[in-house]
Amino acid sequence: MDTTSTPTHCPYCALQCGMNILSLPQGGVEVAERPDFPVNRGALCGKGRTAAEVLSPGARLTSPLVRSDGGLVPASWTEALDLIAERLGATRARYGADALGVFGGGGLTNEKAYALGKFARVVLGTSQIDYNGRFCMSSAAAAGTKAFGLDRGLPFPLEDIPRTGCVILVGSNLAETMPPSLRYFRELRENGGTLVVVDPRRTKTAEQADLHLAPRPGTDLALALGLLHLVVAEGRTDEEYIRERTAGWEEARAAAMAHWPEYVERITGVSVPELREAVRLFCEPEAAMVLTARGPEQQSKGTDTVGAWINLCLATGRAGRPLSGYGCLTGQGNGQGGREHGQKADQLPGYRKLDDPAARRHVAEVWGVDPDSLPGPGRSAYELLDALGTDIRALLLMGSNPVVSAPRAAHVEERIRALDFLAVCDVVLSETAALADVVLPVTQWAEETGTTTSLEGRVLLRRRAVAPPPGVRSDLDVLHGLAARLGVEKGFPTDPEEVFGELRRASAGGPADYSGITYRRLAEENGVFWPCPESAEETGETEKTEETQRGTRGASGPVHPGTPRLFLDRFATEDGRARFAAVAHRATAEEPDEEYPLLLTTGRVVSQYQSGAQTRRVAELNAAAPGPFVELHPRLAARIGASEGDPVTVVSRRGRAVAPARITPDIRPDTVFMPFHWPGEGRANNLTNPALDPTSRMPEFKSCAVRVEVRADVRAAPVG
Ligand SMILES: Nc1nc2c(c(=O)[nH]1)N[C@H]1C(S)=C(S)[C@@H](COP(=O)(O)OP(=O)(O)OC[C@H]3O[C@@H](n4cnc5c(=O)[nH]c(N)nc54)[C@H](O)[C@@H]3O)O[C@H]1N2
Ligand SMILES: Nc1nc2c(c(=O)[nH]1)N[C@H]1C(S)=C(S)[C@@H](COP(=O)(O)OP(=O)(O)OC[C@H]3O[C@@H](n4cnc5c(=O)[nH]c(N)nc54)[C@H](O)[C@@H]3O)O[C@H]1N2
Ligand code: SF4
Ligand SMILES: [Mo]
């Protein structure tokens, strides 16, 4: 037998790097470069390179598990599915459909996300569904929808970055979170463009910047307003663009004018000369971009904050024009598609709204149900988790590990333990799966076919490359089996291409229209950017790009080429104009005080992924990033008597976490940082604040008030 090579994509982040999976003649699989995929051109980070290790039976689950005498014991699929259906049915009969919760994930393929949303509404009849994407880019999604009428993470492909004049990268550490993407920013600088990084830490990404602004966590809103103030004061606005393509400028302008540079300097800690320099770098070239990631978004004012950064783009004519625009760097493998097809509390497929009667009619027809039978919008992720064991009595969870990743995690863990019944589908025994009554072992990326939508809005085909081990079934199989047991025999196919066919019809005419996308096209074209209606004639939108030339004729007219670049002619609002946000600075939900004098912010390291459920099972990654740590500035360390490696205790109003000190001048002295990838005593989310953004319902992962303590027996001699 020869080695076979299958082109596919990485299981982890939203860059969705192309890779080849080699099936070796002696057995086993290897990840290899796939230089023909244009986004990463063969480059992979350590997580992608080692992803095949999680496929091995030693690392993962291979049998359903059922709780018995307090422990989890192997069971047959029939037993496990029967038990879940029976318990969900009994809970619904006793307490009503809304006592059933469903929690999904942005790592699930489009097909799974779609089927999960449909399962909740059609089979369970519950409104109580949401997913971990709420904790991810929901603030940017809300702000983008308000401003542009449409939320697609990047409204342009990454290949545009090297050709713009300046990029302001706000709260993204992409050198660690999407390493192959760094190439685009290097090329930008080689071409004479500049990079401005806004991060309270001097990260690996900030090291690449021409200018690094290090604001206090949670003050990006004031920072953006201060920059806009200077844009106006220095006469750098684009009045013609503002007149022709926007609405709401007067109010936004007045709000910015109230944010004097000296006032902004006091709030953010970024000096007035630095603010002026950022404005100069952003405004001098002909084109420029602002990109945000979790730093400014994971705040209880994340939506307003992103709105303020969009205002800066709009006031300077830098949105909906070639090589200019605002974009959000989506995080999870299918962070984009996962937010479009119905696993969100308020949503129907195609990015339709659950409370829109026309959307309900359209989707109900595709599903063959009465529109009135569809429940209304439910609760957001944290609110749903907070309600477990009270009005939500049973939960089906697929693709998330909230025991590690949810804010105020000890409380969330307690709520999960208070459930009458928990069923978890996962590839590994995650910390959350370990609490379940039934665990179902499911197939992973390389063992199943499906589509994901990358941070560029590019829909991609992830192909099956290897057979799963015996005993493992796909999430689609699980939903099919449960639906049948709960009386819905049809409508939950197990073939992903069939599910995608239905998703195309359900999304047709919606904001995220996939109806013109087929598996065949995805395989041939290295992905297709949505919106992509069935036929180019339907919209008359044929973009004048190479993609158009490639389009051939389909059954119902010319094939739509897909839409790599959005908003060039008009924004997706009713009148085609972008909307300024009228926003003003406000404090974080929890400002430091005498008892909790410091700010904690949290995030990621290059060698672990999210809750670590997958990457903590890979030896090479664990060797590189073995456990949590607390980053402290040398001045702070000296003041509390901590030396490098000392166990320090971080205390907030929610709880405490213990981890070794990592002392570095690369962080602000008033701020400490912890990565959130680990459970146990170093769990960063013991500390985080579930204060929610009023619009996006995003929790404040990026700032809460803490104090840091060193045990008396390890305390270093006081300095100075
Ligand atoms: N290695 C690795 N890569 C990943 C992931 C992973 O877990 N590990 N997860 C994927 C996912 S789902 C996501 S969402 C992305 C996240 O990708 P990023 O957003 O790049 O990751 P984070 O580390 O959460 O946050 C980025 C930066 O925000 C800074 N920051 C903290 N507080 C503030 C603030 O108040 N303002 C500003 N401006 N910055 C602040 C932090 O110091 C940090 O350097 O990464 C994806 N890629
Ligand atoms: N303090 C702090 N907390 C944070 C953040 C932060 O910056 N700071 N970031 C937040 C963000 S941006 C995110 S996205 C969340 C992510 O946090 P989680 O939602 O916990 O994400 P993962 O760890 O990726 O969990 C995915 C789980 O699904 C499993 N899985 C993978 N693929 C599949 C599949 O196809 N089917 C099924 N059934 N299971 C699968 C994995 O093994 C894993 O157990 O964390 C949030 N939490
Ligand atoms: S950057 Fe993201 S998609 Fe690329 S190899 Fe690493 S984890 Fe995978
Ligand atoms: Mo995320």
Side-chain angles (χ1 to χ4, degrees), residues 9-17 19 39-40 43-49 51 54 60 105-109 112 131-133 135-137 170-181 198-201 203 205-206 213 215-220 223 292-299 305 329-333 335 397-407 409 424-428 430-433 440 442-445 448 450 454 474-475 478 588 599 601-615 667 671 673-677 684-685 687-688 699 701-703:
H9 295 273
C10 178
Y12 299 121
C13 88
L15 199 57
Q16 283 298 283
C17 292
M19 53 169 62
V39 176
N40 61 308
L44 296 170
C45 78
K47 298 184 299 300
R49 203 165 30 71
V54 189
R60 49 105 58 95
L108 301 177
T109 59
K112 295 178 184 190
Y131 80 122
N132 68 7
F135 297 156
C136 189
M137 53 346 91
V170 193
S172 159
N173 185 13
L174 51 79
E176 297 212 47
T177 53
M178 305 186 171
S181 73
V198 182
D199 196 307
R201 302 186 301 140
T203 57
T205 312
L213 308 180
R216 215 167 144 258
T219 63
D220 303 80
L223 184 70
T292 65
R294 301 309 82 80
E297 299 170 15
Q298 288 175 326
Q299 301 183 10
T305 300
L329 299 159
T330 304
Q332 299 181 83
L397 187 137
M398 190 177 270
S400 181
N401 186 12
V403 165
V404 178
S405 58
V424 174
C425 304
D426 206 309
V427 297
V428 296
S430 71
E431 287 69 23
T432 309
L440 298 176
V442 294
T443 48
Q444 313 179 37
W445 57 294
E448 53 183 23
S454 78
S474 79
D475 290 301
V478 170
T588 56
L599 280 173
T601 191
T602 59
R604 295 160 166 81
V605 297
V606 65
S607 295
Q608 296 289 352
Y609 188 69
Q610 312 274 61
S611 73
Q614 290 152 289
T615 48
I667 187 165
T671 302
F673 169 84
M674 286 186 78
F676 77 100
H677 309 292
N685 277 318
L687 305 164
T688 47
F701 287 118
K702 288 294 190 264
S703 80

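Counting convention: from 1, in listed order, for ligands and their atoms alike.
The shortest contact between atom 7 (O) of ligand 1 and any protein heavy atom is with Gln610 N, 2.6 Å. Ranking protein heavy atoms by distance to atom 9 (N) of ligand 1, first place goes to Arg604 NE, 2.9 Å. The protein atom (non-hydrogen) at minimum distance from atom 20 (O) of ligand 1 is Asn173 N, 2.8 Å. Protein heavy atom in closest approach to atom 1 (N) of ligand 2: Asn685 OD1, 2.8 Å. The protein atom (non-hydrogen) at minimum distance from atom 47 (N) of ligand 1 is Thr177 O, 2.9 Å. Summary of contacts: the protein heavy atom closest to atom 26 (C) of ligand 1 is Gly171 O, 3.3 Å. Given atom 32 (N) of ligand 1, the protein heavy atom at minimum distance is Thr601 OG1, 2.9 Å. Among all non-hydrogen protein atoms, the one lying nearest atom 35 (O) of ligand 1 is Gly218 N, 2.8 Å. The protein heavy-atom contact nearest to atom 2 (C) of ligand 2 is Phe701 CD2, 3.3 Å. For atom 8 (N) of ligand 1, the nearest protein heavy atom (residue, atom name, distance) is Gln608 O, 2.6 Å.
The residue Ala684 has no part lying near ligand 2, judged by heavy-atom distances below 4.0 Å. In Lys112, the part holding a heavy atom less than 4.0 Å from any atom of ligand 2 is the side chain. For Gln298, every heavy-atom contact with ligand 2 shorter than 4.0 Å involves the side chain, none the backbone. Contact annotation: for Thr109 versus ligand 2, there are no heavy atoms closer than 4.0 Å. Heavy atoms of Ala613 found under 4.0 angstrom from ligand 2 belong exclusively to the side chain.
The CG atom of Leu174 lies 8.5 Å from the OG1 atom of Thr203; values are rounded to the nearest 0.5 Å. Interatomic distance, Asp426 CG to Asn401 CG, rounded to the nearest 0.5 Å: 7.0 Å. Atoms NZ and OG, from Lys112 and Ser474 in turn, are 6.5 Å apart once rounded to the nearest 0.5 Å. Going from atom CD of Glu297 over to atom CG of Leu329 covers 8.0 Å, rounded to the nearest 0.5 Å. Distance check: Arg294 CZ to Thr602 OG1 gives 12.0 Å after rounding to the nearest 0.5 Å. In this structure, CG in Leu15 is found 11.0 Å from NE2 in His9, a value given to the nearest 0.5 Å.
Atoms of ligand 2 lying under 4.0 Å from at least one heavy atom of Lys702, given by number and element, are 7 (O). Residue Met398 has at least one heavy-atom neighbour below 4.0 Å for each of these atoms of ligand 2: 38 (N). In summary, the atoms of ligand 2 found under 4.0 Å from a heavy atom of Val442, numbered by their order in the structure, are 36 (N), 37 (C), 38 (N). Below 4.0 Å from some heavy atom of Asn132 lie the following atoms of ligand 2, by number and element: 18 (P), 19 (O), 21 (O). Per-residue contacts place Cys136 under 4.0 angstrom from the following atoms of ligand 2 (heavy atoms of the residue considered): 12 (S), 14 (S). Contact atoms of ligand 1 toward Gln332: 12 (S) (distance under 4.0 Å to a heavy atom of the residue). Residue-ligand proximity, Val605 to ligand 1, at heavy-atom distances under 4.0 Å covers atoms 1 (N), 2 (C), 8 (N). Close contacts between ligand 1 and Cys13 involve ligand atoms 46 (C), 47 (N) [criterion: under 4.0 Å to a heavy atom]. Here is the list of ligand 1 atoms found below 4.0 Å of a heavy atom in Gly331: 10 (C), 11 (C), 12 (S), 13 (C), 14 (S), 15 (C), 46 (C). Taking a cut-off of under 4.0 Å to the non-hydrogen atoms of Thr203, the atoms of ligand 1 that pass are 44 (O). Annotation for ligand 2: atoms under 4.0 Å from non-hydrogen atoms of Cys425 are 37 (C), 38 (N), 39 (N). Taking a cut-off of under 4.0 Å to the non-hydrogen atoms of Lys47, the atoms of ligand 1 that pass are 1 (N), 2 (C), 3 (N). Atom numbering of ligand 1 starts at 1 in the shown order; those under 4.0 Å from a heavy atom of Asp199 are 27 (C), 28 (O), 29 (C), 41 (C), 42 (O), 43 (C), 44 (O). If you number the atoms of ligand 2 from 1 as listed, the ones under 4.0 Å from a heavy atom of Val428 come out as 42 (O). Interface atoms of ligand 2 facing Val427, defined by a heavy-atom separation under 4.0 Å, are 42 (O). Per-residue contacts place Val606 under 4.0 angstrom from the following atoms of ligand 1 (heavy atoms of the residue considered): 1 (N).
The side chain to side chain contact (heavy atoms under 4.5 Å, CB included) test with Thr205 singles out one residue from Asn173, Asp199, Thr177, and that residue is Asn173. Exactly one of Ser181, Cys45, Pro180, Pro179 qualifies for a side chain to side chain contact (heavy atoms under 4.5 Å, CB included) with Asn40. That residue is Pro180.
For the residue pair Gln610 and Arg604, a side-chain donor N or O sits within less than 3.5 Å of a side-chain acceptor on the partner. With 3.5 Å as the limit, one finds no donor-acceptor pair spanning the side chains of Gln16 and Ser454. Residues Thr615 and Gln608 bring a donor and an acceptor atom of their side chains to less than 3.5 Å of each other.
Using a 4.0 Å cutoff on heavy atoms, Gln444 does not count as a contact of ligand 2. Within the structure, the closest approach of Gln299 to ligand 1 falls below 4.0 Å when heavy atoms are considered. Distances from ligand 2 to the non-hydrogen atoms of Val404 include no value under 4.0 Å. Ligand 1 lies out of reach of Glu297, whose nearest heavy atom is not under 4.0 Å from it.
Of the possible polar contacts, none joining the Lys47 side chain to the Tyr12 backbone as a donor-acceptor pair under 3.5 Å is found. Although no hydrogens or angles enter the test, the distance criterion places a donor-acceptor pair under 3.5 Å between the side chain of Asn132 and the main chain of Gly106. Using a distance-only test at 3.5 Å, with no hydrogens or angles considered, a donor-acceptor pair links the side chain of Gln444 to the main chain of Val54.
Smallest separation of non-hydrogen atoms from Ser405 and Ser400: OG-OG, 4.4 Å.
Comparing heavy-atom distances from atom 34 (C) of ligand 2 across Leu440, Asp475, Leu397 singles out Asp475 as nearest. If you check each of Arg60, His677, Glu431, Gln614 against atom 31 (C) of ligand 2, the one with the closest non-hydrogen atom is Gln614.
Taking distance alone, with nitrogen or oxygen atoms compared against 3.5 Å, Arg201 approaches ligand 1 more closely than that limit. Looking at Arg294 next to ligand 1, an N or O pair under 3.5 Å apart turns up. Here's the thing with Thr688: none of its N/O atoms is less than 3.5 angstrom from an N/O atom of ligand 2. Remark: ligand 2 and Ser400 share an N or O pair separated by less than 3.5 Å (distance only, no angle test). Taking only nitrogen or oxygen atoms, main chain and side chain alike, Val170 does not reach within less than 3.5 Å of ligand 1.
Listed by chain and number, the protein N, O or S atoms at a distance under 2.8 Å from atom 6 (Fe) of ligand 3 are Cys45 SG.
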